[in-house]
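These notes are about the structure you will find just below.
Counting starts at 1 for both ligands and their atoms, following the listed order. Scope of the values below: all heavy atoms of this structure, side chains included, with no hydrogens, waters or symmetry mates.
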Amino acid sequence: MLAMGSMSYKTAIVHHSAGGNTKALAEVIASLLPNAKLFRVIEFDTQTVHEYDSLIVGTYTWGNGELPARMSAFYAELEQMPISHLKTGVFGTGETNYNHFCGAVDQFRDMLFANSQLVATLKIEQLYQETDLHRIKKFASLFKN
Ligand SMILES: Cc1cc2nc3c(=O)[nH]c(=O)nc-3n(C[C@H](O)[C@H](O)[C@H](O)COP(=O)(O)O)c2cc1C
């Protein structure tokens, strides 16, 4: 049994946001998962990933369907970790008028599919809207257990 006041986090949500769209999405996902701890990518120590049952990555897309630099560094670190039993998901925000909508989500998806137990991906157009909530809730519900 856990000591009073202690909290065991099952899910780490590691996100990166420049303008706030991905941050807002990360926060609503975290609010749906009481056992999740939200990190900005620069605060997260990749070596601690084994302390969690699940990892959810959230990123915007830069350049031409690319990972932002900080996410690129996290990607490279995560790729070297033994995460084959880790349940994972990836979400992101982007803009559909770019050639590769949420390309950074696709890059993480491919790596996490090969290296871990990827269960879901979620792509949202810029700042999430009320009409996106059903998809967001469905995504989050996959990390409740
Ligand atoms: C220079 C630049 C390049 C971008 N390239 C893409 C892209 O290739 N694909 C895409 O889906 N969105 C692209 N975007 C849109 C951002 O990913 C989108 O606005 C996102 O919601 C920003 O997230 P943030 O507010 O969390 O920083 C680009 C934006 C900028 C400014």
Side-chain angles (χ1 to χ4, degrees), residues 6-145:
S6 79
M7 174 80 176
S8 86
Y9 291 108
K10 289 174 151 282
T11 303
I13 303 173
V14 180
H15 75 290
H16 185 38
S17 180
N21 293 344
T22 313
K23 181 173 186 270
L25 184 55
E27 285 171 352
V28 71
I29 291 168
S31 76
L32 295 165
L33 295 171
N35 276 337
K37 189 167 183 187
L38 183 60
F39 297 89
R40 290 184 298 147
V41 69
I42 48 158
E43 330 175 297
F44 187 71
D45 177 356
T46 312
Q47 302 299 320
T48 66
V49 77
H50 65 271
E51 294 172 15
Y52 301 90
D53 299 326
S54 309
L55 170 71
I56 304 177
V57 178
T59 183
Y60 66 95
T61 294
W62 197 245
N64 184 17
E66 286 151 32
L67 293 169
R70 279 179 185 157
M71 264 299 166
S72 199
F74 176 58
Y75 179 105
E77 285 174 16
L78 194 60
E79 207 180 11
Q80 300 306 316
M81 296 293 292
I83 55 168
S84 58
H85 297 289
L86 192 69
K87 189 166 153 180
T88 58
V90 55
F91 67 85
T93 69
E95 291 173 32
T96 43
N97 58 336
Y98 283 90
N99 284 336
H100 197 161
F101 176 56
C102 289
V105 171
D106 291 344
Q107 291 194 40
F108 265 103
R109 177 202 61 207
D110 291 350
M111 187 271 279
L112 293 172
F113 180 74
N115 293 7
S116 69
Q117 304 296 317
L118 179 72
V119 295
T121 64
L122 175 70
K123 296 178 177 182
I124 297 288
E125 172 81 26
Q126 299 187 75
L127 188 60
Y128 77 89
Q129 305 294 308
E130 196 75 28
T131 50
D132 296 313
L133 279 175
H134 68 287
R135 287 201 299 136
I136 296 169
K137 285 178 181 165
K138 192 173 172 192
F139 176 85
S141 72
L142 298 170
F143 297 91
K144 276 195 172 140
N145 295 305

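A perpendicular orientation is assigned to the rings of F39 and Y52, their planes being inclined by more than 60° (bins at 30° and 60°).
By the 6.0 Å contact criterion, CZ on R135 is enclosed, its count of non-hydrogen atoms from other residues, nucleotides or ligands being greater than 12.
Every residue was checked against the side-chain contact (heavy atoms from CB on, under 4.5 Å) condition with Q117, not counting sequence neighbours, and none meets it. Under the side-chain contact (heavy atoms from CB on, under 4.5 Å) criterion, Q80 pairs with no residue at all, not counting sequence neighbours. In terms of the side-chain contact (heavy atoms from CB on, under 4.5 Å) criterion, residue partners of E130 (sequence neighbours excluded) are, by chain and number, L133.
Residues E43 and L38 share a closest heavy-atom pair of OE1-O, 4.2 Å.
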Short N or O contacts of ligand 1 with protein, under 3.5 Å, listed by atom name?
{"residue": "ligand 1", "atom": "5 (N)", "partner": "G63", "partner atom": "O", "Å": "3.0"}
{"residue": "ligand 1", "atom": "8 (O)", "partner": "G63", "partner atom": "O", "Å": "3.3"}
{"residue": "ligand 1", "atom": "8 (O)", "partner": "G65", "partner atom": "N", "Å": "2.7"}
{"residue": "ligand 1", "atom": "9 (N)", "partner": "H100", "partner atom": "O", "Å": "3.0"}
{"residue": "ligand 1", "atom": "11 (O)", "partner": "E95", "partner atom": "N", "Å": "3.0"}
{"residue": "ligand 1", "atom": "11 (O)", "partner": "E95", "partner atom": "O", "Å": "3.4"}
{"residue": "ligand 1", "atom": "11 (O)", "partner": "C102", "partner atom": "N", "Å": "2.8"}
{"residue": "ligand 1", "atom": "12 (N)", "partner": "E95", "partner atom": "N", "Å": "3.2"}
{"residue": "ligand 1", "atom": "14 (N)", "partner": "T61", "partner atom": "O", "Å": "3.3"}
{"residue": "ligand 1", "atom": "17 (O)", "partner": "T61", "partner atom": "N", "Å": "3.2"}
{"residue": "ligand 1", "atom": "17 (O)", "partner": "T61", "partner atom": "O", "Å": "2.8"}
{"residue": "ligand 1", "atom": "19 (O)", "partner": "E95", "partner atom": "OE2", "Å": "2.7"}
{"residue": "ligand 1", "atom": "21 (O)", "partner": "N21", "partner atom": "ND2", "Å": "2.9"}
{"residue": "ligand 1", "atom": "21 (O)", "partner": "T93", "partner atom": "OG1", "Å": "2.6"}
{"residue": "ligand 1", "atom": "23 (O)", "partner": "T93", "partner atom": "OG1", "Å": "3.3"}
{"residue": "ligand 1", "atom": "25 (O)", "partner": "G19", "partner atom": "N", "Å": "3.3"}
{"residue": "ligand 1", "atom": "25 (O)", "partner": "G20", "partner atom": "N", "Å": "3.0"}
{"residue": "ligand 1", "atom": "25 (O)", "partner": "N21", "partner atom": "N", "Å": "2.8"}
{"residue": "ligand 1", "atom": "26 (O)", "partner": "S17", "partner atom": "OG", "Å": "2.6"}
{"residue": "ligand 1", "atom": "26 (O)", "partner": "N21", "partner atom": "N", "Å": "3.4"}
{"residue": "ligand 1", "atom": "26 (O)", "partner": "T22", "partner atom": "N", "Å": "2.8"}
{"residue": "ligand 1", "atom": "26 (O)", "partner": "T22", "partner atom": "OG1", "Å": "2.7"}
{"residue": "ligand 1", "atom": "27 (O)", "partner": "A18", "partner atom": "N", "Å": "2.8"}
{"residue": "ligand 1", "atom": "27 (O)", "partner": "G19", "partner atom": "N", "Å": "2.7"}

